[in-house]
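This report refers to the structure that appears directly beneath it.
So that the names make sense, note that chain A is the first sequence line, chain B the second, and so on, each numbered from 1.
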Protein chains: 2
Amino acid sequence: MTIHHQPDNAAPNKDLIDAVRAFNRFYTRQIGLLDEGLLKSAFSLTEARVLYELAHRDGLTATDLGRDLGLDAGYVSRLLKKFERLHLISRATLASDARQSTIALTPAGRNAFAPLNKDSHDQVAALLDRLPTSEQDRLVNSMRTVQRLLDDGAEPKIPYLLRPPQVGDIGWITRRQGMLYAQDYGWDETYEALVAEILANFVKSYDPKWERGWIAEREGEVVGSVFVVRKSDQVAKLRLLYVEPSARGLGIGKRLVEECIGFARARGYKTLTLWTNDILTAARHIYQAAGFRLTEEEPHHSFGKDLVGQNWDLDL
Amino acid sequence: MTIHHQPDNAAPNKDLIDAVRAFNRFYTRQIGLLDEGLLKSAFSLTEARVLYELAHRDGLTATDLGRDLGLDAGYVSRLLKKFERLHLISRATLASDARQSTIALTPAGRNAFAPLNKDSHDQVAALLDRLPTSEQDRLVNSMRTVQRLLDDGAEPKIPYLLRPPQVGDIGWITRRQGMLYAQDYGWDETYEALVAEILANFVKSYDPKWERGWIAEREGEVVGSVFVVRKSDQVAKLRLLYVEPSARGLGIGKRLVEECIGFARARGYKTLTLWTNDILTAARHIYQAAGFRLTEEEPHHSFGKDLVGQNWDLDL
DNA sequence: CCGATTTACTTGACGCAGTCAACTATTAGA
DNA sequence: TCTAATAGTTGACTGCGTCAAGTAAATCGG
């Protein structure tokens with residue numbers, strides 16, 4: 001994540017800290033349980049971890065191993081020496097640096113690792129097997145979330161991808177927009193209801209030739225969306241653009257608007273129009289940058305607030 | 001969780017297993033990092049874990065500690081002897097069993113534990129502090145989910161609670177109902193849209209005297225809901241009853257229907273009616289048990305399927 | 001290009017976390 | 001009442017992992 005150090009972090013709440021500590025204690029025990037299973041093998045847990053890394057990554061040096069697994073350099077050295085004595089690994093001194101060598105499992109090493117790997121696999125399979133599949137998905141999603149949030153270095157390879165809407169999306173978008181604008185601007189539940197209504201109508205009267213929606217997904221989670229609906233032969237309307245706060249700064253908003261413009265052009269619309277509110281400055285900048293022009297402004301009272309609505313048009 | 005061993009679990013997917021294993025490797029490292037911080041103190045990680053348990057729970061015996069922390073009995077014995085030598089703990093032989101004794105921290109023990117506890121607290125606080133508050137919440141929620149799913153023994157103290165709808169709920173309910181019926185019965189996205197429309201209208205024309213919604217929450221997550229809307233002076237309509245698969249068997253569906261009936265009676269309605277489909281047998285059983293009678297049945301084609309709609313009435 | 005510093009890895013020495021098995025004292029069960 | 005199980009203790013031991021000193025190679029600063 002690059003989106004850290006935002007201004008909204010006061011001293012973390014004590015309940016949250018206690019919850020994290022409780023989880024750490026819990027997972028310490030959990031890992032201890034899983035390790036007991038491996039205890040039967042000829043290798044220690046740490047040895048197994050080293051073998052795992054060697055089996056799954058190429059070109060590792062001793063220092064890499066020590067750093068990534070959090071091990072003492074001397075200890076790594078000894079482990080590798082033991083593996084070498086057992087002919088489980090081979091080392092090749094780097095051409096570029098005679099101090100370092102890359103370590104690779106030999107076929108014998110792979111053979112030694114295979115049963116370890118299988119045991120670990122089976123153990124996790126047994127763990128998952130206790131849960132119904134829907135809960136398995138939730139478990140793994142939650143794990144991924146934890147990992148991504150804690151692991152600063154884990155930038156996703158694909159920053160985001162766009163896909164068409166599918167079942168579950170319109171509810172999710174309704175919820176997120178409702179919550180975001182409630183949180184940021186104090187809008188009441190009628191805004192969420194408006195989003196629900198717009199999306200319900202989009203689905204009900206969906207005309208694939210003239211209308212379209214895009215969902216931005218990051219790490220399997222919906223982080224943004226936008227819709228284009230037909231107002232007339234000549235005019236298309238862009239609706240419900242939003243990007244999750246956690247995914248801002250990646251250019252997703254700009255990209256979504258570009259998709260809309262491209263689609264509207266390709267379908268032969270003459271104008272792309274949209275309605276927004278003046279307080280949504282981030283969105284306005286995107287619209288301006290894309291070439292939209294403000295055509296109309298009028299105050300209105302909606303969502304429990306006094307607002308200024310704006311219409312923006314883009315000639316295609 | 002008691003809801004395990006449901007018929008829907010085939011052999012777990014390999015991707016899921018790999019994701020769990022990746023998480024285990026990641027968290028092994030994470031815990032290792034956190035432990036390094038404690039390394040400065042006079043106590044080992046395991047000693048610190050024992051002190052933590054002693055500080056937070058009363059009446060523990062040596063066996064309790066060994067079991068809960070996954071430690072060897074001999075090792076626990078030695079640890080306790082060391083603590084006793086340092087006057088950190090006191091033991092009191094149980095009146096009921098002269099073999100056992102309960103272990104308690106002495107004031108000196110609490111003093112020794114305090115800095116450890118503070119270090120751990122501060123370390124976690126620093127970890128959380130890197131994240132904006134919204135992400136902190138997500139992290140903790142995900143951790144709680146992981147813990148609850150993996151920890152069989154962790155039945156929530158409060159099985160569920162009911163509360164009024166709030167911002168974000170209608171989107172969530174839309175999503176979950178859409179996804180559930182898509183998964184279980186193959187209904188298409190128009191069902192999700194229908195839910196969105198119903199809920200949008202509920203909010204827009206909400207009349208608190210005559211209408212109401214209930215959200216069932218379990219461990220902070222929405223696991224069910226129901227709504228009562230006014231059809232006429234005499235007739236109220238129950239809508240959108242659903243309970244998450246993971247929360248079935250707790251009587252939530254029955255309870256939600258009872259709330260509706262109680263509300264409708266209190267408001268002086270003469271009839272509570274509802275529309276459902278014959279394939280939704282679980283719901284039908286709840287309606288029947290609550291005294292509803294089937295008044296009408298007719299086939300219809302909706303949500304991409306041939307269905308049989310049913311009207312049920314309850315005289316209040 | 002040279003000396004100083006850093007980096008990659010090795011090695012000896014060692015402590016103590018954690019295991020295993022044998023043993024005592026007490027309780028529970030048949 | 002005798003046997004089996006449980007709670008806890010202790011001796012003996014293994015080996016995981018740490019620490020510090022050392023070597024060889026690479027890099028840096030002038």
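Across the interface with DNA chain D, nearest-nucleotide mapping of A:K82 and B:T63 shows B:T63 to be the residue nearer the 5′ end. The nearest heavy atom of DNA chain C to A:Q100 and to A:D72 marks one nucleotide each, and the one closer to the 5' end goes with A:Q100.
Relative to the side chain of B:T46, the nucleotides C:dA17, D:dG8, D:dA26 differ in distance, and C:dA17 lies closest. Minimum atom distance to the side chain of A:S44 is reached by D:dC16, of the listed C:dC9, D:dC16, C:dT27. Candidate nucleotides C:dT19, D:dC16, C:dT10 were compared by shortest atom distance to the side chain of A:S77, and C:dT10 ranks first. Across D:dA26, C:dT19, C:dT10, the shortest atom-to-atom separation from the side chain of A:A73 is found for C:dT10.
Ion pairing between a basic and an acidic side chain is recognised when a charged N comes within 4.0 Å of a carboxylate O; A:E244 and A:R248 show no such pairing. In this structure, B:R57 pairs ionically with B:D68, as a charged nitrogen and a carboxylate oxygen lie closer than 4.0 Å. The pair A:E221-A:R148 counts as a salt bridge, with a side-chain nitrogen and a carboxylate oxygen less than 4.0 angstrom apart. A salt bridge links A:E258 to A:K254: one of the charged nitrogens lies within less than 4.0 Å of a carboxylate oxygen.
In this structure, A:L69 places its CG atom 15 Å from P of D:dC16, rounding to the nearest Å.
For the pairing with B:L149, the side-chain contact (heavy atoms from CB on, under 4.5 Å) check across A:R138, A:R130, A:Q136, A:M143 returns one residue only, A:R138. Screening B:V222, B:L256, B:L162 for a side-chain contact (heavy atoms from CB on, under 4.5 Å) involving B:I215 leaves a single residue, B:V222.
Evaluation of atom-type donor-acceptor distances gives a pair under 3.5 Å for the side chain of B:R78 against the base of D:dG11.
Two end axes, each from the C1' atoms of five base pairs, can be drawn for the helix from C:dC1-D:dG30 to C:dA30-D:dT1; they diverge by 40°, to 10 degrees.
Regarding contacts with the backbone of C:dT10, a side-chain N or O of A:R91 is found under 4.0 angstrom from either OP1 or OP2.
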